[in-house]
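Okay, so here's the structure we're looking at.
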Amino acid sequence: MSFFERMMTIDRRILYVIMAFAVVVPLIFPLGLPVTITPEVKNVYDKIERLNPEDVIMVALCYDPSTISEMQPMAFAVLRHCFAKKLKVIVSGSFLTGVVLMEQDTRKIAEECGYEYGRDYIYLGYNPYPAVVIMGMGENFRIPYPKDYYGNPLDDLKMMRGLQNYDDIKFVLNITATNSIDFWILYGHERYRVPLGLGIVAVSATNYYPYLQSGQIFGIIPGLKGASEYEKLISRRDSASVGMDIQSVAHVAILLFILLGNVGYFMTKKGRKG
Amino acid sequence: MKRQFPLVITFCVGLFMFVQFFVPHEFSARFYQQALRWMLIIGVYAMALGIMSLWMSHYRKVKARKEGWGFSMATLIGFACMFIFGLLNITGVQETLYETAYNYVMVPVMSAMFALLAFFIASAAYRAFRARTVTATVLLLAAVVVMLGRIPLGEFLTFHFGVKLGIPQLCDWILYIPNMASKRAITLGIGLGSIAMSVKILLGVERSYMGGK
């Protein structure tokens, strides 16, 4: 087997080892690569920034442990921003296998920011069938959620007094690892006209740029990159910024693998023709 | 009768839900809100059916000692433990047993599974992304640009010729122009298909949701 043929058939275990180094080294020695703010992330930040204290928004979380590395930094950054602005936040956790995780994440940031449950924020928890839940909340939050995650009737929570439906909140920010934003666009925005923002895993982000251009969503926080931009905007470097160093090196490693494979392919092809 | 009755219900309810959307009357709004409550209740029953089906299929596999029955056994044990922990809500050292099992078993297992993707993607990209044809080359170039454009490192590959020109700008162009055009076409196609399917269900032409042929 020639050198170029070998370049095309590197053992996958070697690739795995190189990949492991690409992930671990920047974790130990952070590079601190600069992050540039994109307009779609800035739009979400500005929308929150323009609100007044006591304004109510909804953060619809929708992730589970499988996407924790991308979604948790995003949720933390957004919640920290909301809580720093003294907004009232309704949080829902619409992913069955992530209900506990999303509750813990919300509670962690609330405690860190001195937020009181029931007065400053609430956690609704999970209900099956996102489309029905979104439509139900459009009529009255109490239809899909007569009680919150902890079993308190919504009317017993100070923050919820006088809040009926989307007309009483400023907007919904859906931080999701699923296609739940499709339901939010279809039913939340189109039927009830609630403004929508989106935070989504990088792999799905490209699907939603058309909605950004059409104005159906006002901003997108795409994946870990978006989360790191948000951390920069709120001036708090956290796990997304560290993660971007790792992702950068890992992407470069994958690109080098692709380059190696293609150089091998073309040189072998050339050799055969020659 | 067994097949006609569900068809009549589907037609009547479907038609009513369609009409009520355009009628802002109090009765219409109340019916709609009631329908939403029904849907949620039916949803919970559907979930219960799903859980039963999952349990039975794994139980049968274990009972018959079929290939991979050990995995089914693990599923059943995990399921039973989480069900009992959730139901009893026993408090452990700092948190409930359910939370302990979730935080120290489910979270690491699911995170680890997803983390492995990085290695599989690296290996798959190395083998699959070869510029064998023109279309494969276009795909390869687009992938390279987007991969570089979505990381801070891509910023170093930006040049200033009066205007910013570089990988991130090219990445944005790919996302906003060709990606958007194709996505729009797909979305419109799905939308039209959904309307056609809804009409077929409403009129009883499409009956596969009732099971059978």
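Here the structure is a predicted model, which is why all the values come from computation and not from measurement. All values below were derived from every heavy atom in this structure, side-chain atoms included, with hydrogens, water molecules and symmetry-related copies excluded. Every chain is numbered from 1, with letters handed out A, B, ... down the list of sequences.
For a residue to count as touching a neighbouring chain, one of its non-hydrogen atoms must lie under 4.5 Å from one of that chain's; by this rule S228(A) does not touch chain B. Interface remark: A253(A) contributes no atoms to any contact with chain B (heavy atom separation under 4.5 Å). Heavy atoms of Y209(A) lying under 4.5 Å from chain B belong to its backbone as well as its side chain. In this structure, chain B has no heavy atom under 4.5 Å from any part of L224(A). Looking at L140(B), only its side chain comes within 4.5 Å of chain A, counting heavy atoms on both sides. Heavy-atom distances place the side chain of T187(B), and not its backbone, under 4.5 Å from chain A. Looking at E229(A), neither its backbone nor its side chain comes within 4.5 Å of chain B, counting heavy atoms on both sides. The contact between M7(A) and chain B is made entirely by backbone atoms, counting heavy-atom distances below 4.5 Å. Neither the backbone nor the side chain of Q72(A) comes within contact range of chain B; no heavy atom of the residue lies under 4.5 Å from a heavy atom of that chain. With a threshold of 4.5 angstrom between heavy atoms, N103(B) approaches chain A through side-chain atoms but not through N, CA, C or O. Contact of R127(B) with chain A is made through the side chain alone, with heavy-atom distances under 4.5 Å.
When the candidates V133(A), L96(A), L31(A), L33(A) are compared by the number of heavy-atom contacts under 4.5 Å with chain B, L33(A) comes out ahead. Of the listed residues (Q213(A), R12(A), Q247(A)), the one with the most heavy-atom contacts under 4.5 Å to chain B is Q213(A). Per-residue heavy-atom pair counts under 4.5 Å with chain B were compared for T97(A), D245(A), D64(A), L260(A), and the maximum is reached by T97(A).
Within 6.0 Å of OH in Y176(B) there are more than 12 heavy atoms belonging to other residues, nucleotides or ligands. Around atom OH of Y150(A), more than 12 heavy atoms belonging to other residues, nucleotides or ligands sit under 6.0 Å away.
Residues of residues 113-124 of chain B lying under 4.5 angstrom from chain A, judged on non-hydrogen atoms, are F114(B), A118(B), F119(B), F120(B), I121(B), A122(B), S123(B) in numerical order. Within residues 47-59 of chain B, the residues having any heavy atom under 4.5 Å from a heavy atom of chain A are, by residue number, M47(B). Listed by sequence position, T206(A), N207(A) are the residues of residues 198-207 of chain A in contact with chain B, using a 4.5 angstrom heavy-atom cutoff.
For the ring-ring contact (aromatic ring centres under 6.0 Å, His included) test with F18(B), the passing option among F21(B), F22(B), F16(B) is F22(B); the others fail.
In this structure, Y149(A) has its ring center closer than 6.0 angstrom to the ring center of Y123(A). Note: Y187(A) and Y192(A) fail the aromatic proximity criterion, with ring centroids not under 6.0 Å apart.
Remark: the backbone N or O of I181(A) is not paired with any side-chain donor or acceptor of T176(A) at under 3.5 angstrom. Not one N or O on the side chain of Y98(B) forms a donor-acceptor pair closer than 3.5 Å with the backbone of C81(B). In this structure, the side chain of Y230(A) does not engage the main chain of K42(A) through any donor-acceptor pair within 3.5 Å.
Qualifying side-chain contact (heavy atoms from CB on, under 4.5 Å) partners for A46(B), counting only residues two or more places apart in sequence or in other chains: Y129(A).
At least one side-chain heavy atom of E99(B) sits less than 4.5 Å from a side-chain heavy atom of Q104(A).
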